[in-house]
Amino acid sequence: MRIDILTLFPGMFEGPMTESMLWKARDRHLLDLRLHDIRDYSTSKHRAVDDTPYGGGGGMVMKPDVVTVAVEAVLNGAPPDTPVILMTPQGRLFSHEIAVSLARQQQVIILCGHYEGIDERVNALVVTDEISIGDYVLTGGELAAMVVVDAVARHIPGVLGAEGGADRDSHADGILEGPQYTRPPVFRGLSVPQVLQDGNHDTIKRWRRELGLRRTWLRRPDLLLKASLTEDEQYLLATFADEDARKSNASK
Ligand code: ADE
């Protein structure tokens, strides 16, 4: 898979894109990650990329001529329907589902906004999608783009070994992952649950699912509304609700 990132600050990507899983993905030619400096597409003497906004107000706006030409240069030769994603707090909220669907693309182009924003005509002309990573405002789209690249790369076949399959992640089926343990079996008086030490795979699988379900119930009940649950799991949820009701009655 190829991901092109258009940014005013290519240096920001140095660390995250040259370490750990992303580096391995690039090294194994599973991820072709290319950075483009938007400033290279400015034709003005001082390589200007922004200008004051029409109608006043503070800040600067990224110029449509520079940004559009930069995106078109990268689009040149890309497969038809290549998504051009603008990172912006005004976009749709990024999710596991979006990461999975982007990982199925041959190529994705990500545009990092900066300053007060990008001239709206860039959206009309070349942007096909706008993505936000959360309801807060960052100083630019770079960190958001890194989040998207990392989450997408985990779903490119071969990037995670068979052992670390992304299909077992929290959120993969709408349920959070349960707790994890490694050696030693007892640390500062806290033991690894006996069921894990016993090593029965079926029992462990059921136990993990139950604890994941319980954790989701406690921390992110909103996720349960869209999770697909078996009848047994729905029964378990009902028992959690019963337990809660009993506890709250007891404390009255
Ligand atoms: N740029 C600034 N804030 C952002 C956010 N929350 N998500 C994506 N891009 C952004």
Side-chain angles (χ1 to χ4, degrees), residues 1 3 16-31 93-105 133-134 146-252:
M1 178 187 187
I3 303 182
M17 303 292 150
T18 53
E19 299 278 351
S20 186
M21 186 266 298
L22 285 180
W23 173 249
K24 268 191 227 154
R26 296 177 75 186
D27 196 41
R28 291 195 221 136
H29 304 289
L30 299 169
L31 174 64
L93 202 55
F94 189 53
S95 64
H96 171 80
E97 286 75 22
I98 298 177
V100 170
S101 87
L102 290 177
R104 293 199 188 108
Q105 298 284 338
I133 61 159
M146 290 179 216
V147 167
V148 169
V149 171
D150 191 288
V152 169
R154 311 180 74 252
H155 295 284
I156 301 173
V159 166
L160 301 183
E163 288 298 298
D167 54 347
R168 284 198 284 104
D169 285 349
S170 286
H171 298 291
D173 59 0
I175 298 290
L176 301 179
E177 249 191 289
Q180 297 278 11
Y181 296 87
T182 185
R183 272 177 282 266
V186 182
F187 175 66
R188 298 199 181 170
L190 299 175
S191 298
V192 172
Q194 194 56 46
V195 56
L196 295 177
Q197 297 193 52
D198 290 347
N200 178 320
H201 289 296
D202 286 341
T203 320
I204 289 176
K205 203 168 156 199
R206 233 178 303 121
W207 179 86
R208 284 207 169 119
R209 184 75 181 169
E210 181 177 335
L211 266 74
L213 207 56
R214 191 182 289 272
R215 190 167 268 192
T216 313
W217 167 259
L218 291 173
R219 300 181 185 181
R220 293 291 308 277
D222 57 301
L223 294 177
L224 294 170
L225 293 174
K226 55 177 186 155
S228 55
L229 302 177
T230 63
E231 255 178 54
D232 282 357
E233 289 166 345
Q234 287 173 23
Y235 176 78
L236 262 178
L237 275 187
T239 62
F240 298 160
D242 264 4
E243 276 170 25
D244 281 6
R246 245 180 287 123
K247 271 187 216 147
S248 89
N249 280 338
S251 65
K252 273 180 197 157

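Remember, predicted model here, so these are calculated numbers, not experimental data.
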Nearest atoms (heavy-atom pairs only) where His155 meets Ala99: CD2-CB, 4.2 Å

Rounded distance [0.5 Å steps], CD in Glu97 versus CG in Leu102: 11.5 Å

Interatomic spacing from CD1 in Ile98 to NE2 in His96 - rounded to 0.5 Å: 11.5 Å

Those residues that, when tested against Glu177, pass salt bridge (Lys or Arg N to Asp or Glu O under 4.0 Å) (two or more places apart): none

With sequence neighbours excluded, residues passing side-chain contact (heavy atoms from CB on, under 4.5 Å) with Arg208: Gln180, Leu196, Ile204

Set of side-chain contact (heavy atoms from CB on, under 4.5 Å) partners for Asp232, sequence neighbours left out: Thr230

Closest non-hydrogen atom pair, Ile156 against Leu30: CG2-O, 3.9 Å

Distance in Å, Thr216 OG1 paired with Arg219 CZ, rounded so as to fall on 0.5 Å steps: 9.0 Å

Any Leu236 side-chain heavy atom under 4.5 Å of Thr239 side chain: yes

Ala241: partners by side-chain contact (heavy atoms from CB on, under 4.5 Å), with sequence neighbours left out: Trp217

Qualifying salt bridge (Lys or Arg N to Asp or Glu O under 4.0 Å) pairs with a residue from residues 179-199, counting only residues at least two apart or across chains: none

By side-chain hydrogen bond (donor to acceptor under 3.5 Å, both in side chains) - contacts of Thr203 (at least two apart): Asn200

Pairwise side-chain contact, Leu229 with Leu213, heavy-atom cut-off 4.5 Å (strictly under): yes

Asp173 side chain near Ser228 side chain, heavy-atom distance below 4.5 Å: no

Results of salt bridge (Lys or Arg N to Asp or Glu O under 4.0 Å) for Asp244 - residues two or more places apart only: none

For Arg220, side-chain hydrogen bond (donor to acceptor under 3.5 Å, both in side chains) partners two or more places apart: Asp222

Validation row: Gln234, Leu237 side chains within 4.5 angstrom (heavy atoms): no

Close side-chain approach of Met146 and Met17, heavy atoms under 4.5 Å: yes

Where at least one partner belongs to residues 19-29, residue pairs that pass salt bridge (Lys or Arg N to Asp or Glu O under 4.0 Å), sequence neighbours excluded: none

Smallest separation among heavy atoms of Leu22 and Ala153, with atom names: CD2-CB, 3.5 Å

Side-chain touch Arg209/Ile175, heavy atoms, less than 4.5 angstrom: yes

Close side-chain approach of Leu31 and Val159, heavy atoms under 4.5 Å: no

Exam field: side chain Gln197 to backbone Val192, donor-acceptor pair closer than 3.5 Å: yes

Beyond-backbone contact of Val152 with Arg154, side-chain heavy atoms, under 4.5 angstrom: no

Straight-line distance of Leu211 CG to Arg206 CZ, nearest 0.5 Å: 13.0 Å

Glu231: partners by side-chain contact (heavy atoms from CB on, under 4.5 Å), with sequence neighbours left out: none

Parallel, tilted or perpendicular, as decided by the 30° and 60° cut-offs, for the rings of Tyr181 and Trp207: tilted

Listed partners of Asp150 passing side-chain hydrogen bond (donor to acceptor under 3.5 Å, both in side chains), at least two apart: none

Partners meeting side-chain hydrogen bond (donor to acceptor under 3.5 Å, both in side chains) with Glu243 (sequence neighbours left out): Arg214

